[in-house]
Amino acid sequence: MRPKVVAGNWKMHMDLESGTQLVRDLLGQLTDIKKSRVVFCPPFPLLYPVGELLKDSEFGLGAQNLFWEEKGAFTGEVSASMLKSVGCQYVIIGHSERRKYFGETDETVNRKIHRALTEGLTPIVCVGETLVEREAGKTHEVVQRQVEGAFQGLSAEAVQNLIIAYEPVWAIGTGKNATPEQAVEVHQLIRQILNQKYGEGIGENVTIQYGGSVNEKNAESLLGQPDIDGALVGGASLKADRFAAIVRIGEQYS
Ligand code: 13P
């Protein structure tokens with residue numbers, strides 16, 4: 001069985017005081033997590049202080065974005081090696097908010113994945129359809145295009161070492177999560193795409209999280225599915241009790 005990976009994507013929330021307090025509270029509450037993986041993805045300025053707090057724990061640290069170039073005159077951008085140097089092990093790539101507001105495409109996502117892997121960061125690659133695409137019956141087509149575009153030029157080995165987050169855009173921040181059946185259907189589709197591209201069994205080795213309005217109430221029905229390997233949690237990761245409850249459910253099914 002693939003152990004569950006529960007990650008908190010704080011997006012553009014929290015500041016130094018509230019963010020470090022949240023992590024302290026969670027470290028106090030989550031002393032019994034052994035089998036599953038927990039990852040905190042705070043905004044850039046909080047990576048270092050949060051990383052310092054997590055240093056002696058089993059919890060991981062992830063960024064929400066990176067730039068694909070190694071270094072240079074790219075004002076406002078952050079490189080993979082900078083993220084590594086402050087203790088990151090993970091980086092979210094291609095979140096739908098970045099695709100929507102910041103012009104990310106399958107091609108930029110692909111470049112970022114290559115850079116992250118070169119530097120030894122584990123990408124959490126986000127894919128997912130909009131409501132219009134779902135209603136037009138295009139979910140499979142969209143997800144296939146995103147997965148194939150994101151993974152151009154990657155070896156089977158590289159693909160097995162990254163995480164995919166299926167995040168239907170219509171479920172993000174709306175309080176309307178995908179049903180377990182809807183999520184499982186797309187997770188299985190992603191595994192099939194990977195099996196076709198890389199060989200039988202590869203898809204089964206890849207960790208696929210679900211994201212989109214995951215909360216302490218629906219986490220059990222989602223994380224209880226063998227094909228859902230974890231959750232990428234937005235809003236509910238900003239409150240210690242709520243995130244801790246989701247993490248505990250992940251642990252129970254790991
Ligand atoms: P919500 O959990 O707030 O819907 O956000 C999901 C998400 O976008 C995580 O990356």
Side-chain angles (χ1 to χ4, degrees), residues 4-14 18-19 22 26 36-44 46-47 50 59-66 83 88-102 104 109 112-113 116 121-131 133-134 139 142-143 146-147 150 162-180 182-183 186-187 190 207-223 225 228-250:
K4 308 284 180 186
V5 182
V6 176
N9 173 10
W10 294 4
K11 308 192 179 183
M12 199 172 74
H13 293 289
M14 312 305 265
S18 58
L22 174 64
L26 282 162
S36 56
R37 187 101 180 105
V38 180
V39 181
F40 291 88
C41 301
F44 288 138
L46 305 190
L47 284 171
V50 167
F59 300 153
L61 183 68
Q64 298 174 17
N65 184 28
L66 84 171
L83 297 178
C88 283
Q89 300 107 355
Y90 299 87
V91 58
I92 298 173
I93 298 179
H95 192 281
S96 63
E97 287 150 14
R98 297 218 52 88
R99 294 179 193 251
K100 181 173 175 196
Y101 300 120
F102 304 100
E104 296 231 357
V109 168
K112 290 180 177 194
I113 295 172
L121 289 166
T122 300
I124 300 176
V125 181
C126 301
V127 298
E129 80 289 358
T130 63
L131 187 59
E133 289 163 342
R134 173 163 283 264
T139 299
V142 168
V143 170
Q146 290 174 334
V147 169
L162 51 71
I163 296 173
I164 298 173
Y166 168 54
E167 297 209 311
V169 178
W170 48 271
I172 296 177
T174 57
K176 188 179 183 298
N177 60 286
T179 63
Q182 285 172 322
V186 178
H187 287 213
I190 294 170
T207 295
I208 308 181
Q209 297 174 313
Y210 165 77
S213 296
V214 175
N215 60 36
E216 62 283 19
K217 296 194 187 78
N218 59 28
E220 174 121 32
S221 67
L222 291 159
L223 293 172
Q225 308 294 323
I228 300 182
D229 305 323
L232 185 53
V233 186
S237 73
L238 302 174
K239 292 270 181 283
D241 291 351
R242 301 183 71 193
F243 191 59
I246 298 168
V247 167
R248 285 209 185 84
I249 293 166

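Below, all heavy atoms of this structure are taken into account, side chains as well, without hydrogens, waters or symmetry copies. For ligands, and for the atoms within them, numbers begin at 1 and follow the listed sequence. For this chain, numbers begin at 1 and follow the sequence in order.
At a 4.0 Å cut-off, at least one heavy atom of Ala171 sits close enough to ligand 1 to count as contact. Ligand 1 lies nowhere less than 4.0 angstrom from a heavy atom belonging to Ala236. Assignment of Ser213 to the shell around ligand 1 is supported, since a heavy atom sits closer than 4.0 Å.
The only option from Val39, Leu83, Leu61 that meets the side chain to side chain contact (heavy atoms under 4.5 Å, CB included) definition with Gln89 turns out to be Leu61.
Considering only heavy atoms from C-beta on, Asn177 comes within 4.5 Å of Tyr210 through its side chain.
Below 3.5 Å of separation, one finds an N or O of Gly234 facing an N or O of ligand 1.
The nearest heavy-atom contact from the protein to atom 4 (O) of ligand 1 is Gly173 N, 2.6 Å.
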| message | Go through it in stages, so that I can follow the logic: the residues are Tyr166 and Glu129, the test is side-chain hydrogen bond (donor to acceptor under 3.5 Å, both in side chains), and I'd like the CA-CA distance, side-chain angles, deciding distance and then a yes or no. | response | CA-CA 9 Å; Tyr166 168 54; Glu129 80 289 358; 2.9 Å; yes
| message | Could you walk me through whether Ile164 and Thr207 satisfy the side-chain contact (heavy atoms from CB on, under 4.5 Å) test, starting with their C-alpha distance in whole Å, then the side-chain angles of each, then the deciding distance to 0.1 Å, before giving a yes or no? | response | CA-CA 6 Å; Ile164 298 173; Thr207 295; over 6 Å; no
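Without hydrogens or angle criteria, Ser18 side chain to Met14 main chain gives no donor-acceptor distance under 3.5 Å. A donor-acceptor pair under 3.5 Å links the side-chain atoms of Arg99 to the main chain of Cys126, judged by distance alone.
Using a 4.0 Å cut-off to heavy atoms of Glu167, the atoms of ligand 1 that qualify are 6 (C), 7 (C), 8 (O), 9 (C), 10 (O). Listed by atom number, the atoms of ligand 1 under 4.0 Å from His95 heavy atoms are 7 (C), 8 (O), 9 (C), 10 (O). Close approach to Gly235 involves these atoms of ligand 1, each under 4.0 Å from a residue heavy atom: 1 (P), 2 (O), 3 (O). Heavy-atom proximity to Lys11, at under 4.0 Å, picks out these atoms of ligand 1: 5 (O), 6 (C), 7 (C), 8 (O).
The minimum heavy-atom distance linking Leu46 with Gly19 is given by the pair CD1-CA, 4.4 Å.
Counting heavy atoms closer than 4.0 Å to ligand 1, residue Asn9 contributes side-chain atoms (C-beta onward) but none from N, CA, C or O.
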